[in-house]
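So that we are looking at the same thing, I have put the structure below in structure tokens.
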Amino acid sequence: GNSGPLSDEVSEAIEKGDLVAVGVLSGNRNFEGRIHPLTRANYLASPPLVIAYAIAGTTLIDFEKEPIGISKDGKEVFLREIWPTREELQEVERQFVIPAMFKEVYA
């Protein structure tokens, strides 16, 4: 894949422990070994969820019940607290998504 090499320590731990290394990506190339030859389980997700899993550092998380991380002041942070609302997304669309871009490319 194009992810670059893993450190020797990580590669060795995966191989010695017979671990199933996991990747989460937003592209459609989520077959075994695409991200890295030692990545045996790959999941397709939306770009924001790819980032959420990266922040959490695991795919073994229930975003509804478990915090995605801990704030500087030691409080649990849940995905629902940082996920943008529909209104916030629509405002970004109004400001930055230009319909002419789509007409030019897809018309």
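Note that the structure is predicted; figures quoted are calculated from it, not measured.
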Which residues share a side-chain hydrogen bond (donor to acceptor under 3.5 Å, both in side chains) with K16, sequence neighbours left out =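 E12.
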How far does CG of L38 sit from CD1 of I14, to the nearest 0.5 angstrom?
->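 It is 5.0 Å, given to the nearest 0.5 Å.
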Tell me, with the steps shown, if N42 and L25 meet side-chain contact (heavy atoms from CB on, under 4.5 Å).
-> CA-CA 7 Å; N42 296 296; L25 64 156; 4.1 Å; yes
Listing, residues 100-107 side-chain donor-acceptor contacts under 3.5 Å, not counting sequence neighbours, or none:
none

Not counting sequence neighbours, list each pair that qualifies as a side chain to side chain donor-acceptor pair (under 3.5 Å) and has a residue in residues 67-81.
->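 Checked against side chain to side chain donor-acceptor pair (under 3.5 Å) - neighbours excluded - the pairs reaching residues 67-81 are S71-D73.
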Can you list the residues that meet the side-chain hydrogen bond (donor to acceptor under 3.5 Å, both in side chains) rule with R94, with sequence neighbours excluded?
->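 For R94 the side-chain hydrogen bond (donor to acceptor under 3.5 Å, both in side chains) partners, ignoring immediate neighbours, are E91.
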Which pairs of donor and acceptor atoms, one on a side chain in residues 44-65, lie under 3.5 Å apart (sequence neighbours left out)?
{"unit_1": "S46", "atom_1": "OG", "unit_2": "L49", "atom_2": "N", "d": "3.4"}
{"unit_1": "T58", "atom_1": "OG1", "unit_2": "L60", "atom_2": "N", "d": "2.9"}
{"unit_1": "D62", "atom_1": "OD1", "unit_2": "E64", "atom_2": "N", "d": "3.0"}

Could you name each residue pair satisfying ring-ring contact (aromatic ring centres under 6.0 Å, His included) that touches residues 65-85, not counting sequence neighbours?
->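 Sorted result for residues 65-85: empty, none.
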Any side-chain heavy atom of Q90 within less than 4.5 Å of one from V97?
->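 With C-beta onward as the side chain, the pair stays apart.
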Residue pair V77, I82: steps toward the side-chain contact (heavy atoms from CB on, under 4.5 Å) verdict = CA-CA 8 Å; V77 178; I82 62 172; 4.0 Å; yes
List, by chain and then residue number, the residues other than F96 in its hydrophobic cluster (Ile/Leu/Val/Met/Phe/Trp/Tyr, side-chain heavy atoms under 4.5 Å); write none if there are no others.
->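 V92, which link up through side-chain heavy atoms under 4.5 Å apart, make up the rest of the cluster.
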Passes side-chain contact (heavy atoms from CB on, under 4.5 Å), D18 versus R40? Steps please.
-> CA-CA 11 Å; D18 194 30; R40 296 184 355 206; 3.3 Å; yes
Can you name the residues that form a side-chain contact (heavy atoms from CB on, under 4.5 Å) with L89, not counting sequence neighbours?
->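 With sequence neighbours excluded, L89 shows a side-chain contact (heavy atoms from CB on, under 4.5 Å) to P84, given in chain and number order.
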